[in-house]
Visitor: 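Here it is: the structure, laid out below.
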2 protein chains.
Amino acid sequence: MAATEIAVTISDAEWRVMRIVWTLGQADSRTIIDLLEQQHDWKAATIKTLIGRLVKKGALATTKDGRQFIYTPNIDEQTAMDTALQTELDQMCAMHRGTALAHVLEQTELSRNDVQELLDVLNKKLATAPAEVACDCLPENCERSCE
Amino acid sequence: MAATEIAVTISDAEWRVMRIVWTLGQADSRTIIDLLEQQHDWKAATIKTLIGRLVKKGALATTKDGRQFIYTPNIDEQTAMDTALQTELDQMCAMHRGTALAHVLEQTELSRNDVQELLDVLNKKLATAPAEVACDCLPENCERSCE
DNA sequence: CCCTTTCGTTTACAACTGTAATCTTAATTT
DNA sequence: AAATTAAGATTACAGTTGTAAACGAAAGGG
């Protein structure tokens, strides 16, 4: 029954809300609003809108608690992150993805464990890595290639 | 004078157009339309709109060639890729970025050179990598932490 | 010189986003 | 009980995006 965690699309502003709820595990609107008002120049009404949209999209679940709601994540944070990143990368030229990832890795702060995790993945790939990955920007039959 | 390559935002559909032009180096609308019609279910009019928007945004430059235009990229492909990926990653929890990158690396086809390039970056980072990267989803003063 | 094709521009239109005010209703306070 | 506050729902509104038709001008074919 694979949790109906179909591809919910979360907008940039909505990500901010999700991050709060993911981090706290659950939260009522007051908490979410208080925290976000500290991070952004958003009015309470704006945050309420975002929460509402996330509920409608199915990214947040609600549990009635007396007069108000408790919001909980309905989708997994790591999964959402992986998917968003993968989707972004997949729309770019296959030939340059590796370099893009290298550049991003370089700019990203990583813990020793992260680095180790990444090294492991790469070492495992080394064995079967192809000599090169072709550009996939043009239609199949087109023999043009990128430089 | 650093090419006025300020942050142009390219939408998903527009990326498809840019990829064609990046790959060919330059192209007239006929070429772009022909190639994209093979990859997508887009009408010529749709592609024209996308080209028009990219020109207006400054992502494509035009050179008059008789009656029509020759379009050339006004922004660098690799830079655009790096930036888009970085921007996406930066809006996610710092603590989980490493894992997200590992998952994406795993799914991405990489050439031997790519893998090597990535290994180099990581090995260089290993020395100074912190024991851990803290979650940055909550406001500063908030001592809550993710698990 | 007309007809047709082609190219770029203008207009269209709904969905999604960022940003927020207002309204309803229930709860809290005096 | 009356007044105030808080929570969620409704409405707003402009800009971006996906998707495309229509239009005007120029070029090419007869």
Side-chain angles (χ1 to χ4, degrees), chain A residues 6-21 26-72 74 80 84 87-88 90-91, chain B residues 6-21 26-72 74 80 84 87-88 90-91:
Chain A
I6 3 77
V8 184
T9 304
I10 297 166
S11 78
D12 288 5
E14 288 163 1
W15 264 93
R16 307 308 304 199
V17 177
M18 289 307 292
R19 287 178 62 181
I20 297 288
V21 185
Q26 65 170 74
D28 55 25
S29 68
R30 182 88 314 268
T31 306
I32 298 175
I33 292 172
D34 285 349
L35 293 177
L36 282 179
E37 277 182 331
Q38 287 180 249
Q39 307 184 293
H40 303 275
D41 242 334
W42 287 345
K43 297 294 185 305
T46 300
I47 302 168
K48 286 184 190 181
T49 299
L50 295 173
I51 293 174
R53 288 182 184 165
L54 285 166
V55 171
K56 185 187 312 183
K57 285 186 182 181
L60 286 180
T62 54
T63 318
K64 195 94 191 167
D65 172 44
R67 54 202 150 287
Q68 42 165 93
F69 288 130
I70 302 278
Y71 299 96
T72 43
N74 218 335
T87 301
E88 187 77 20
D90 285 349
Q91 102 181 315
Chain B
I6 3 80
V8 185
T9 305
I10 297 165
S11 78
D12 287 6
E14 288 163 1
W15 265 94
R16 307 307 305 199
V17 176
M18 289 306 293
R19 287 177 62 181
I20 297 287
V21 185
Q26 66 171 74
D28 55 25
S29 68
R30 182 86 319 264
T31 308
I32 298 175
I33 292 172
D34 285 350
L35 293 176
L36 282 178
E37 276 181 333
Q38 286 180 250
Q39 305 183 294
H40 304 275
D41 241 333
W42 287 344
K43 297 294 185 304
T46 301
I47 302 168
K48 287 184 192 180
T49 299
L50 295 174
I51 293 174
R53 288 180 184 166
L54 285 167
V55 171
K56 185 186 313 182
K57 284 184 182 182
L60 287 180
T62 56
T63 318
K64 195 93 190 167
D65 171 46
R67 54 200 151 288
Q68 41 164 92
F69 289 131
I70 303 276
Y71 299 95
T72 43
N74 218 335
T87 301
E88 187 78 20
D90 285 349
Q91 102 182 315

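Source: prediction; values computed, not measured. Below, read A as the first sequence line, B as the second, and so on, with proteins coming before strands; counting in each chain starts at 1.
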Visitor: Assign A:Arg30 to base, sugar-phosphate, or nothing according to its heavy-atom contacts below 4.0 angstrom with the strands shown.
Guide: sugar-phosphate

Visitor: Between C:dT19 atom P and A:Ile47 atom CD1, what is the distance in whole Å?
Guide: 11 Å

Visitor: Would you kindly give the CD1-to-C1' distance between B:Ile10 and D:dG18, to the nearest whole Å?
Guide: 16 Å

Visitor: Among D:dA21, C:dG8, D:dG8, which nucleotide sits nearest the side chain of B:Tyr71?
Guide: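 It is C:dG8.
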
Visitor: How would you label the contact of A:Ser29 with the nucleic acid (heavy atoms, under 4.0 Å): base, sugar-phosphate, or nothing?
Guide: sugar-phosphate

Visitor: Please round to the nearest 0.5 Å and tell me the distance separating atom CG of B:Leu36 and atom CG of B:Asp41.
Guide: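 Rounded to the nearest 0.5 Å, the CG-CG separation comes out at 12.0 Å.
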
Visitor: Can you measure B:Glu37 atom CD to C:dC7 atom C1' for me and round it to whole angstrom units?
Guide: 14 Å

Visitor: When you measure from the side chain of A:Leu50, which nucleotide among D:dT17, C:dT19, C:dC7 comes out closest?
Guide: C:dT19

Visitor: Nearest nucleotide by nearest heavy atom, which residue falls closer to the 5' end of DNA chain C, A:Ala13 or A:Gly66?
Guide: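 Nearest nucleotide further toward 5': that of A:Ala13.
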
Visitor: Indicate, with a heavy-atom threshold strictly under 4.0 Å, whether B:Lys48 touches base, sugar-phosphate, or nothing.
Guide: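 Base contact - B:Lys48 has a heavy atom under 4.0 Å of at least one base atom.
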
Visitor: Between A:Leu60 and A:Met18, does a side chain to side chain contact (heavy atoms under 4.5 Å, CB included) hold up when you go through it step by step?
Guide: CA-CA 8 Å; A:Leu60 286 180; A:Met18 289 307 292; 3.6 Å; yes

Visitor: Please confirm whether the shortest side-chain N or O distance from B:Thr9 to OP1 or OP2 of D:dT16 is below 4.0 Å.
Guide: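 Negative; the distance criterion is not met.
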
Visitor: Could you tell me whether the phosphate oxygens of D:dG28, OP1 or OP2, come under 4.0 Å of any side-chain nitrogen or oxygen in B:Arg67?
Guide: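 So the side chain of B:Arg67 is within the cut-off, an N or O lying under 4.0 Å from OP1 or OP2 of D:dG28.
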
Visitor: What's the NZ-P distance between A:Lys43 and D:dA6, to the nearest Å?
Guide: 17 Å

Visitor: Any side-chain heavy-atom pair from A:Gln26 and A:Tyr71 closer than 4.5 angstrom?
Guide: no

Visitor: Between A:Asp28 and A:Thr31, do the side chains contain a donor N or O and an acceptor N or O under 3.5 Å apart?
Guide: yes

Visitor: What is the distance from CZ of A:Phe69 to C1' of D:dA6, rounded to the nearest Å?
Guide: 14 Å

Visitor: NA contact type, B:Asp12, heavy-atom cut-off 4.0 Å: base, sugar-phosphate, or nothing?
Guide: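 B:Asp12: backbone/sugar contact only, no base atoms under 4.0 Å.
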
Visitor: By the 4.0 Å heavy-atom rule, please label B:Asp41 as base, sugar-phosphate, or nothing.
Guide: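 Here B:Asp41 touches the backbone only, sparing every base.
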
Visitor: Return no unless some side-chain N or O of A:Thr49 is found under 4.0 Å from OP1 or OP2 of C:dG18.
Guide: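 Negative; the distance criterion is not met.
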
Visitor: In whole Å, I'd like the distance from the NZ atom of B:Lys56 to the P atom of C:dT10.
Guide: 9 Å

Visitor: Is A:Thr46 near enough to C:dT19 that one of its side-chain N or O atoms lies under 4.0 angstrom from OP1 or OP2?
Guide: no

Visitor: Could you check whether the side chain of A:Arg53 and the base of C:dG18 have a donor-acceptor pair of N or O atoms closer than 3.5 Å, going by distance alone?
Guide: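 By the distance-only test, yes, there is a pair.
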
Visitor: Is there a donor-acceptor contact under 3.5 Å from the side chain of A:Asp65 to the main chain of A:Gln68?
Guide: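 Not at all, since once roles are kept as given, no pair shorter than 3.5 Å links the two residues.
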
Visitor: Restricting to non-hydrogen atoms, name the atom on B:Arg16 and the atom on B:Trp42 that form the minimum distance, rounded to 0.1 Å.
Guide: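 For B:Arg16 versus B:Trp42, the nearest heavy atoms are CG-CH2, 3.6 Å.
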
Visitor: Between A:Ile33 (CD1) and C:dA21 (P), how many Å, whole number?
Guide: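 Spelled out: CD1 on A:Ile33 to P on C:dA21 is 13 Å.
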
Visitor: Base, sugar-phosphate or nothing for B:Lys57? Non-hydrogen atoms, less than 4.0 Å.
Guide: sugar-phosphate

Visitor: Between D:dT19 and B:Trp42, is there an OP1 or OP2 to side-chain N/O distance shorter than 4.0 Å?
Guide: yes

Visitor: Starting at atom CD1 of A:Ile51, determine the distance to atom C1' of C:dT17, rounded to an integer number of angstrom.
Guide: 16 Å

